Each structure stands twice: as structure tokens, then as C-alpha cells.
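Predicted model only: the values in this text are computed from it and were never measured.
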Amino acid sequence: MSRRVAREELFKIVFESELNEVKIDETLESYLLRDDTKLNTNEREFIEKYSKGMSINDEKVVETLKNNITGWSLERVGSVEKALLKIATYEVLFEDVPAEIVVNEVVELAKKYGDEKSHEFINGVLAKIVAEKNN
């Protein structure tokens, strides 16, 4: 299974839900109905598990982000960056994946989808979240 592919597809779902201001569950449903994705079973399961986990834990994820973004409000953060931060924060807090892998993959997605400084901003916020979790 390619977690990288699954994470990128998850990003697209979270990004779409941010843009449309709907819950991740709603976007996931329409995404899975499209079925034009060429995901294998493991990738689909990863996306479904993470989407559901993110929906259940959204308040904690948002609270954690608000407490770790300096000089900005979460509402002012762009949709690409917000989606990537939500995914990574959820994964760091609630999944058993090494933080370095999570941060690295999300930073790579930020370089691909975000603007010039997105990856630096995301890396900074996530570094604080990881340090806070490890204390």
C-alpha cells in the first residue's frame, strides 16, 4: 500500500470539505461514490479510517492547531494549509505513526499544492505540536 498516495487523496477530501464548509464525512461519501480513483483496498481503508477519525476528533484537532499557530488565527490560514495541518495533527495525536514520517509527507504535499512558504509554515506549526505531545 502506498500511504503517500492515500494521504494525498485524503488531503483532497479534507481540502474539498474545507472549501465547501461541510463535514469530512459528507465529502468522503461523495468521493467514494465517484469511484474514479484507482485506489487499492488498503488505501481506501486508510482514507475511510482517517476521515472518520478526523471527524470524531475534529474539536481536539482544531483546538490543538489554534494553540500552536502563532501570529495567525486558524480562520486566516489558507485551505490547503489548513487541510494539511488537520491531517497531520490528527495523525500525530491519534495514530501510531512516527511524527517524522507524518511531518515529512505533509511538508512534501505542501510543496506540491501550497504556495511558496506553505511548507515552512506547516513545518513550524507541526514542530510545536510534536514537541508539545512529547512533553
Parallel, tilted or perpendicular, as decided by the 30° and 60° cut-offs, for the rings of F11 and Y113: tilted
Set of side chain to side chain donor-acceptor pair (under 3.5 Å) partners for S55, sequence neighbours left out: D25
Pairing residues for K112 by the side chain to side chain donor-acceptor pair (under 3.5 Å) criterion, not counting sequence neighbours: E8
Single-linkage hydrophobic cluster, 4.5 Å side-chain cutoff, V130 and I101 together: yes
Any side-chain heavy-atom pair of E9 and I13 under 4.5 Å: no
Derivation of the side chain to side chain contact (heavy atoms under 4.5 Å, CB included) call for V106 and L126: CA-CA 10 Å; V106 168; L126 293 177; 4.3 Å; yes
Single-linkage hydrophobic cluster, 4.5 Å side-chain cutoff, I47 and I56 together: no
Residue pair R7, E91: steps toward the salt bridge (charged side-chain N to carboxylate O under 4.0 Å, His left out) verdict: CA-CA 11 Å; R7 221 178 247 108; E91 202 164 359; 2.5 Å; yes
Salt bridge K49-E95, side-chain N to carboxylate O under 4.0 Å: yes
N67 vs I129 side-chain heavy atoms within contact, under 4.5 Å: no
K128, NZ atom: more than 12 neighbouring heavy atoms under 6.0 Å: yes
Atom pair OG1/CZ of T70 and F121 - distance to nearest 0.5 Å: 8.5 Å
Side-chain (N104) to main-chain (E100) donor-acceptor, under 3.5 angstrom: no
Over 12 non-hydrogen atoms of neighbours within 6.0 angstrom of NZ in K23: no
Expected output: side-chain K133 to main-chain V92 donor-acceptor under 3.5 Å: yes
Flag, side chain of S118 to backbone of D115, donor-acceptor distance under 3.5 Å: yes
Beyond-backbone contact of M54 with I87, side-chain heavy atoms, under 4.5 angstrom: yes
Side chain N123, main chain H119, donor-acceptor under 3.5 Å: no
Flag side-chain contact, heavy atom, 4.5 Å: K66 against E75: yes
Min side-chain heavy-atom separation L109-E105 under 4.5 Å: no
Sidechain-backbone polar pair: S51 side chain, E48 backbone, donor-acceptor under 3.5 Å: no
Side-chain heavy atoms of V62 within contact of K86, under 4.5 Å: yes
Listed partners of E63 passing side chain to side chain donor-acceptor pair (under 3.5 Å), at least two apart: none
Single-linkage hydrophobic cluster, 4.5 Å side-chain cutoff, L74 and W72 together: yes
Beyond-backbone contact of F94 with V61, side-chain heavy atoms, under 4.5 angstrom: yes
Carboxylate-amine/guanidinium proximity below 4.0 Å for R3 and E43: no
Test side chain to side chain contact (heavy atoms under 4.5 Å, CB included) applied to S79 and K82, step by step: CA-CA 5 Å; S79 296; K82 194 184 301 182; 5.6 Å; no
Heavy-atom check, side chain of Y90 versus side chain of D58, under 4.5 Å: no
Under 3.5 Å donor-acceptor, N20 side chain and V22 backbone: no
Rounded distance [0.5 Å steps], CG in L65 versus OG1 in T89: 4.0 Å
Salt bridge flag under 4.0 Å for residues K12 and E16: no
